[in-house]
Amino acid sequence: MSGAQERIQEMLRRFEEQATAAAQLKDKMGEIRGEARSRDGAVTATVAPSGAVLDLKLGPEAVKQSHTALQAAIMQTIREATQQAAETMNATVEPVLGDRAEQFREAFNAGAVQPMTGTTGREEQS
């Protein structure tokens with residue numbers, strides 16, 4: 001085998017390794033969830049790393065609160081669950097992406113749902 005063919009084979013091997021690692025990372029990322037519970041146990045939230053709420057459970061204690069206290073508890077619990085999911089995401093991508101992890105986070109956050117607005121970071125500001 002010539003030197004050029006060996007280099008091409010090596011490049012193909014590295015590409016296949018990277019593609020396998022990317023597929024594994026994608027699978028792991030799809031499984032990441034953050035979950036938090038309010039101090040009194042009235043609210044439990046499960047979110048994706050993007051901040052999308054996947055599940056929200058209200059316990060019996062929830063109806064004993066004022067609507068404003070319940071709203072605050074829900075929002076705080078969602079924020080805590082989102083933070084947990086983000087930390088898990090960072091811990092998952094850092095070993096695979098290394099010094100490119102920050103670029104990944106910026107790109108990922110650019111498309112995430114912005115808190116309190118329901119919009120994505122991709123929409124134009126008016």
Visitor: I'd like to check the side-chain contact (heavy atoms from CB on, under 4.5 Å) partners of A86; sequence neighbours left out, ordered by chain and number.
Guide: none
Visitor: Report yes if the side chains of V53 and V47 come closer than 4.5 Å at any heavy-atom pair, otherwise no.
Guide: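 They are in side-chain contact.
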Visitor: Applying side-chain hydrogen bond (donor to acceptor under 3.5 Å, both in side chains), can you list everything that pairs with T46, at least two apart in sequence or on another chain?
Guide: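 side-chain hydrogen bond (donor to acceptor under 3.5 Å, both in side chains) check on T46 returns E35.
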Visitor: Starting at OG1 of T44, measure out to CD1 of I74 and round the result to the nearest 0.5 Å.
Guide: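 One gets 11.0 Å once the value is rounded to the nearest 0.5 Å.
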Visitor: Only counting residues at least two apart or in another chain, list the ones meeting salt bridge (charged side-chain N to carboxylate O under 4.0 Å, His left out) with R13.
Guide: E10, E17
Visitor: Do you know which two heavy atoms are closest between A42 and A62, and how far apart they sit?
Guide: CB-N, 3.7 Å
Visitor: Please report the interatomic distance CD(Q5) to CZ(R7), rounded to the nearest 0.5 Å.
Guide: 10.5 Å
Visitor: For A91 and P95, which heavy atoms make the closest approach, and how far apart are they?
Guide: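 Closest approach of A91 to P95: O-CD, 3.1 Å.
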Visitor: Is it true that atom CZ of R37 has more than 12 heavy atoms of other residues, nucleotides or ligands lying nearer than 6.0 Å?
Guide: no
Visitor: For a 4.5 angstrom cut-off between non-hydrogen side-chain atoms, does L56 reach T77?
Guide: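 A side-chain contact is absent here, since even the closest heavy-atom pair is not under 4.5 Å.
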Visitor: Heavy atoms only: give me the nearest A45-I78 pair and the separation to one decimal.
Guide: CB-CG1, 3.9 Å
Visitor: What's the spacing between M89 CE and R33 CZ if we round to 0.5 Å?
Guide: 10.0 Å
Visitor: For the atom pair CD (E16) and CD (Q18), what is the distance rounded to the nearest 0.5 Å?
Guide: 11.0 Å
Visitor: I'd like to check the side-chain hydrogen bond (donor to acceptor under 3.5 Å, both in side chains) partners of T20; sequence neighbours left out, ordered by chain and number.
Guide: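 Not a single residue meets the side-chain hydrogen bond (donor to acceptor under 3.5 Å, both in side chains) criterion with T20.
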Visitor: With the side chain counted from C-beta on, respond yes when V43 and L70 share a heavy-atom pair under 4.5 Å apart, and no when they do not.
Guide: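 Of all side-chain heavy-atom pairs linking L70 with V43, at least one is under 4.5 Å.
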Visitor: Establish, from distance only, whether the side-chain atoms of E80 and Q76 form a donor-acceptor pair under 3.5 Å.
Guide: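 Yes.
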Visitor: Which heavy atom in G34 sits nearest to a heavy atom in A85, and how many Å separate them?
Guide: N-CB, 3.6 Å
Visitor: Does the side chain of Q65 reach to within under 4.5 Å of the side chain of D40, using non-hydrogen atoms?
Guide: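 SC-SC contact between Q65 and D40 confirmed.
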Visitor: Where is the tightest heavy-atom contact between D55 and K57, given as atom of each residue plus distance?
Guide: OD2-CE, 2.9 Å
Visitor: Go through the structure and list residues passing side-chain hydrogen bond (donor to acceptor under 3.5 Å, both in side chains) with E87, not counting sequence neighbours.
Guide: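 Expected list: Q83.
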Visitor: Check side-chain hydrogen bond (donor to acceptor under 3.5 Å, both in side chains) between T88 and all other residues, then give those that pass, not counting sequence neighbours.
Guide: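 Result, side-chain hydrogen bond (donor to acceptor under 3.5 Å, both in side chains) vs T88: none returned.
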